[in-house]
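This report refers to the structure that appears directly beneath it.
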Amino acid sequence: MNLIHVQRRQFLKISGLSTLSLLMGGCGTPAFEDIVGQLSQPLNHQVGELIFNPQKPVPEFSLNEIQPEALIVNTFRYTPIIHAEKYRLVIDGEVNNPLSLSMAEIQALPLTSMIIRHVCVEGWAAIVQWGGISLKEIIALAEPKANVQFAYFKSADGYYESWDIASVLHPQTLLAYQKNGEPLPVNNGAPLRLASPIKLGYKQSKWVTKISLVSNLSPFKGYWEDQGYEWFAGL
Ligand SMILES: Nc1nc2c(c(=O)[nH]1)N[C@H]1C(S)=C(S)[C@@H](COP(=O)(O)O)O[C@H]1N2
Ligand SMILES: [Mo]
């Protein structure tokens with residue numbers, strides 16, 4: 001596996017987009033507009049645009065605002081035992097280059113760090129520093145097809161989640177392997193968990209083992225969503 005950065009030209013080639021279609025911002029794709037029109041969320045985003053024209057980051061906190069004791073471990077099923085050497089992150093679905101990455105390969109990618117507020121619907125919040133790789137970076141390596149609109153995240157404890165592609169490709173959506181400058185503890189989702197300032201706590205899957213990029217949602221949208229919680233869950 002060659003973990004080089006996907007260059008813009010390569011990406012356009014592999015995703016079947018042309019520079020012209022990017023400049024036109026999706027004009028002349030009536031089939032796509034039809035599909036989008038049926039959805040209740042603002043999902044008129046194209047993968048290529050989201051990767052090459054990053055969304056605006058939300059403000060972050062400073063080091064002295066971190067609340068090391070405030071992050072409550074919130075695990076509904078059980079804490080899975082994952083052997084770091086055997087662990088692989090699989091990226092599949094509507095992609096031209098499916099991936100199966102070891103932690104060593106993931107940690108060879110550029111480290112991004114951010115200090116954000118984690119907000120749980122159960123009524124608590126915590127300012128946390130997360131370190132990891134930007135999800136956008138790793139998804140670009142998988143060469144998503146132009147029609148991708150959602151990502152499913154599968155976790156080792158049976159938890160599952162789905163996100164809209166714009167939130168997935170937000171510059172501050174990370175796959176984190178560090179918490180407050182230390183290796184991520186198992187309770188908090190090691191070896192790899194989602195962390196993002198734009199979604200509620202239950203969207204931030206711990207122990208992520210598989211990311212599937214898709215153009216449609218199935219009737220199963222997420223562990224809590226399927227019990228009545230809101231799907232978009234934006235902050
Ligand atoms: N796999 C998995 N991910 C999960 C959960 C879980 O039970 N299993 N709980 C969610 C909820 S509701 C919250 S608030 C956060 C809590 O993260 P923490 O345990 O690291 O504080 O993880 C989220 N991700
Ligand atoms: Mo939560």
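As the structure is a computational prediction, the values presented were derived from the model and not from experiment. The residues of the chain are indexed from 1 along the displayed sequence. In each ligand, atom 1 is the first atom listed, and ligand 1 is the first ligand listed.
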Within the 4.0 Å heavy-atom shell around [X], which atoms of ligand 1 are there?
X	value
Thr75	7 (O)
Ser205	3 (N), 24 (N)
Cys120	14 (S)
Ser155	1 (N)
Leu71	20 (O), 21 (O)

### Query
Between Tyr202, Trp124, Phe61, which is the residue that forms a ring-ring contact (aromatic ring centres under 6.0 Å, His included) with His118?
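Only one option passes, and that is Trp124.
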Under 3.5 Å, N or O to N or O, is [X] touching ligand 1 that way?
X	answer
Asn74	yes
Asn188	yes
Arg193	yes
Ile72	yes
Lys206	yes
Trp124	no
Gln204	yes
Phe76	yes

### Query
Just checking, is any N or O donor in the side chain of Ser218 or Tyr152 under 3.5 Å from an acceptor N or O on the other one?
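Side chains of Ser218 and Tyr152: pair found under 3.5 Å.
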### Task
Examine the side chains of Ser196 and Gln204 and answer whether a donor and an acceptor come within less than 3.5 Å of each other.
no
### Query
His118: heavy atom below 4.0 Å from ligand 1, yes or no?
yes
### Heavy atom of Gly189, distance to ligand 1 below 4.0 Å
no
Minimum heavy-atom separation for [X] and [Y], please, with both atom names.
X	Y	result
Val47	Lys145	CG2-O, 3.9 Å
Asn187	Thr75	O-OG1, 4.1 Å
Ile51	Pro144	CD1-CG, 4.4 Å

### Task
Report yes or no: is the cationic atom of Lys221 (NZ for Lys, CZ for Arg) under 6.0 Å from the centre of the six-membered ring of Tyr160, at an angle within 45° of the ring normal?
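No.
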### Query
Other than Val90, which residues form its hydrophobic cluster under the rule that side-chain heavy atoms must be closer than 4.5 Å?
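None, because no other hydrophobic side chain comes under 4.5 Å of this residue.
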### Task
Have a look at ligand 1 and work out which part of Tyr223, if any, has a heavy atom under 4.0 Å from it: side chain, backbone, both or neither.
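It is neither; nothing of Tyr223 touches ligand 1.
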### Message
If we ignore hydrogens and angles and just use 3.5 Å, is the side chain of Thr173 paired with the main-chain N or O of Ser167 as donor and acceptor?
### Response
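Between the backbone of Ser167 and the side chain of Thr173 there is a qualifying donor-acceptor contact (under 3.5 Å).
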### Task
List for me each residue that meets side chain to side chain donor-acceptor pair (under 3.5 Å) alongside Lys203, sequence neighbours excluded, and say none if there are none.
Glu161, Glu225
